[in-house]
Amino acid sequence: NGRIKSKIHAAAPLGNVKNVFVQRYASLGGLNAAGATSSDIEIEGTIGDVALLNGSTRIEALTIEYEDYRYSDSEVTLEYALDYSALNETVQIKNGRIISNILSSELENVSITLGDNGLFQGKLNLDCKMEEMAGVYGVPAPFKLRGTGKVNLDFNGPITKSFYKDISASGSMALEEVAYDGSCVKIRTTDITSESLTIGNNRLKARLAMQLNGVPAHAALDADLALGRVGGPYIKTELHASRVPVTYTMEGGDLRGLVTLDVNEAEAEGVEWNETFRKTLAAKGDVKVEEGAVSATEILSTVFMGLAEPGVAQHIELVTSDFSVKDEKVYTEKFYMKGAPFDLSLSGWIGFDKQVDYDAVVLLSGEKHKGVQKVFRKVIKDSPIPLKITGQLPDPKIQFVGDAKLKSILITEKVLQGNEAIVRGTLGVPKKAIGVPTGILKKTFGVFSGPRKDSKDSEETPEEPANNSKQPE
């Protein structure tokens with residue numbers, strides 16, 4: 001009557017198995033697969049029509065390559081129970097499991113229509129070990145993936161076109177931890193979940209919620225996953241977080257505080273900090289730092305720290321700044337810092353190569369620097385000191401660009417100690433001056449940077465310049 005029931009054991013190199021399917025599905029022609037397969041299958045059904053298959057397939061030393069994609073695993077096991085109809089050219093997967101050293105997944109309610117216009121649809125539940133996945137996908141070294149990643153998708157698409165080109169899916173994802181351990185800043189992102197996740201037309205889009213250094217944050221992701229892109233995937237993203245504790249470390253010190261960050265748009269090609277990524281990176285946003293502190297750093301120490309005790313962190317009441325990234329530079333039009341050792345506004349840019357070009361205004365408040373302020377009070381009550389900052393970190397060139405009246409007062413009050421180079425506009429602050437006990441200002445100008453403890457009038461009287469004819473270093 002055509003009924004059949006049997007057990008089959010089969011073994012073959014995976015490449016040979018792939019070649020059988022390439023004859024039917026030309027889209028697999030660019031797929032390279034290697035490994036040793038062995039299968040044990042129970043078949044029951046009717047010859048020429050319906051068959052029920054239960055079994056498992058084991059693949060050792062699996063390697064899959066397709067254009068820029070590469071996956072390898074020492075052992076993969078597939079377990080499945082499915083109905084196959086030769087008459088209708090359909091496959092119904094009742095359940096299927098894939099188990100490997102890197103991931104495990106389950107297929108549910110999968111329906112596959114074979115033939116020239118083949119389609120598939122179903123549900124995928126995927127758990128993966130993030131540390132191993134980082135190695136498979138070549139995640140750059142500063143990024144650390146930890147814990148388990150979970151993906152739940154309802155999917156559909158054709159089986160006769162390029163690999164996953166026209167697949168569509170929607171669902172959710174969750175990651176335990178993604179950490180960025182860079183030389184300047186460390187960020188720990190945990191409890192990452194997707195509020196929405198869709199895949200279609202080679203694009204992955206997601207809206208994410210997460211904990212950023214322990215504080216709630218939200219992000220959006222739009223990635224072009226088309227294979228064959230020379231520079232890697234093109235990714236667009238945005239990020240919004242409020243009052244995240246961050247420490248930004250630079251040469252000689254750090255800046256820390258509670259950071260509110262709005263990256264309204266950012267995009268780049270690739271995921272690794274290479275030439276392609278640097279050239280294509282573009283972004284816009286705003287940042288605010290509250291309850292902060294700054295110690296000597298490259299650009300900050302050269303401009304600020306001469307007015308404070310070296311090695312002592314200075315409290316910052318507020319930092320606000322816009323920013324934009326393009327052409328391998330970070331631009332700001334409105335940077336403002338309020339707090340010790342003084343207030344500052346700044347505009348300009350810093351390049352990825354640490355070249356800088358800033359216009360800055362330092363505001364010395366009489367409440368903070370009464371000794372210095374006595375000199376500047378002859379100009380205005382709270383005296384702005386305009387500066388031009390150019391060159392390359394950590395040794396930028398600082399120029400004084402104030403008006404002639406202010407320069408004249410600085411000379412008259414012996415603030416400049418007769419340094420004609422300063423009068424011409426160059427402050428001449430050397431990097432090694434950072435850390436001098438009385439600060440850069442006294443070293444360069446001969447002005448005391450704070451009140452003398454042994455004088456009742458010291459808050460209103462600047463210390464006399466040292467009696468020597470040496471030029472500042």
Side-chain angles (χ1 to χ4, degrees), residues 69 71 73 76 78-80 92-112 119-137 139 143-159 163-180 187-227 233-242 244 263 265-267 271:
Y69 174 82
Y71 176 83
D73 205 314
V76 178
L78 292 78
E79 299 175 352
Y80 40 85
Q92 300 289 332
I93 300 178
K94 296 180 177 179
N95 59 72
R97 297 181 63 201
I98 302 175
I99 304 169
S100 74
N101 293 325
I102 296 176
L103 57 84
S104 63
S105 64
E106 290 188 5
L107 295 170
E108 298 178 3
N109 302 320
V110 177
S111 174
I112 303 173
L119 299 170
F120 62 87
Q121 63 180 16
K123 184 168 184 169
L124 170 68
N125 301 313
L126 175 68
D127 291 353
C128 54
K129 301 175 182 178
M130 297 310 299
E131 290 90 342
E132 284 79 0
M133 290 296 291
V136 169
Y137 286 99
V139 175
F143 291 93
K144 305 294 183 184
L145 307 184
R146 303 185 179 99
T148 301
K150 297 179 179 292
V151 178
N152 304 102
L153 293 176
D154 291 304
F155 61 85
N156 63 80
I159 63 174
F163 181 60
Y164 90 73
K165 178 180 180 181
D166 293 311
I167 188 173
S168 297
S170 62
S172 63
M173 62 172 286
L175 303 177
E176 288 187 29
E177 181 176 348
V178 178
Y180 177 80
I187 301 293
R188 183 170 177 263
T189 308
T190 58
D191 302 327
I192 306 167
T193 58
S194 62
E195 300 167 337
S196 65
L197 174 66
T198 60
I199 300 173
N201 298 322
N202 284 335
R203 304 195 74 87
L204 182 151
K205 297 183 179 181
R207 300 200 67 85
L208 306 173
M210 65 198 74
Q211 293 285 318
L212 194 61
N213 284 358
V215 176
H218 297 272
L221 177 69
D222 183 351
D224 184 350
L225 301 176
L227 293 174
Y234 204 95
I235 299 175
K236 295 182 179 181
T237 186
E238 63 180 82
L239 174 66
H240 305 279
S242 298
V244 178
V263 182
E265 55 182 85
E267 58 185 26
V271 295

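Residue indices begin at 1 and follow the sequence shown.
The CD1 atom of I167 sits 12.0 Å away from atom CD of Q121, with the distance rounded to the nearest 0.5 Å. Atom CG of N202 sits about 11.0 Å away from atom CG of L204, to the nearest 0.5 Å. One distance of note links CG of L208 with CG of D191; it measures 13.0 Å at 0.5 Å rounding. Between E177 atom CD and T190 atom OG1 the span is 6.5 Å, to the nearest 0.5 Å. Taking CG from D154 and CD from E108, the interatomic distance works out to 9.5 Å, rounded to the nearest 0.5 Å. Between the OG1 atom of T189 and the OH atom of Y180 there is a distance of 12.0 Å, given to the nearest 0.5 Å.
For R207, there are no salt bridge (charged side-chain N to carboxylate O under 4.0 Å, His left out) partners two or more places apart in sequence or in a different chain. Evaluation of the side chain to side chain contact (heavy atoms under 4.5 Å, CB included) rule for D127 yields S104, T148, K150 as partners, not counting sequence neighbours.
Side-chain atoms of L153 and L197, non-hydrogen and from C-beta on, do get closer than 4.5 Å to each other. When side chains are defined from C-beta on, I98 counts as touching V76, because their heavy atoms get closer than 4.5 Å. Annotation: side chain of T198 is in contact with side chain of S170 (closest heavy-atom distance under 4.5 Å). By the 4.5 Å heavy-atom criterion applied to side chains, I187 and L212 are counted as neighbours. In this structure, E106 and N95 have side chains that are not in contact, with every pair of non-hydrogen atoms separated by 4.5 Å or more. In this structure, the side chains of L107 and F155 come closer than 4.5 Å at one or more pairs of heavy atoms.
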Audit row: T237, V263, side chain to side chain contact (heavy atoms under 4.5 Å, CB included) steps and yes/no | CA-CA 8 Å; T237 186; V263 182; 5.7 Å; no
Report the C-alpha distance between K123 and N109 in whole Å, list the side-chain angles of each, state the deciding distance to 0.1 Å, and finish with yes or no for side chain to side chain contact (heavy atoms under 4.5 Å, CB included).
-> CA-CA 6 Å; K123 184 168 184 169; N109 302 320; 5.8 Å; no
For L175 and M130, what are the C-alpha separation, side-chain angles and deciding distance, and is it a side chain to side chain contact (heavy atoms under 4.5 Å, CB included)?
-> CA-CA 8 Å; L175 303 177; M130 297 310 299; 3.8 Å; yes
Is there a side chain to side chain contact (heavy atoms under 4.5 Å, CB included) between I235 and L221 once you walk through the steps?
-> CA-CA 7 Å; I235 299 175; L221 177 69; 3.4 Å; yes
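Here the side chain of S194 pairs no donor or acceptor atom with the backbone of A206 at under 3.5 angstrom.
For residues 211-221, the side chain to side chain donor-acceptor pair (under 3.5 Å) pairs, not counting sequence neighbours, are E195-H218.
Closest approach of G147 to E131, counting heavy atoms only: N-OE2, 3.4 Å. Contact detail for L119 and P158: the closest heavy-atom pair is CD2-CA, 4.0 Å. Closest heavy-atom contact between V215 and S242: CG1-O, 3.1 Å.
Between R146 and E176, no side-chain nitrogen of the basic residue sits less than 4.0 Å from a carboxylate oxygen of the acidic one, so the salt-bridge criterion is not met.
By the neighbour-count criterion of 12 heavy atoms within 6.0 Å, atom CZ of R203 is densely surrounded, having more than that number from other residues, nucleotides or ligands.
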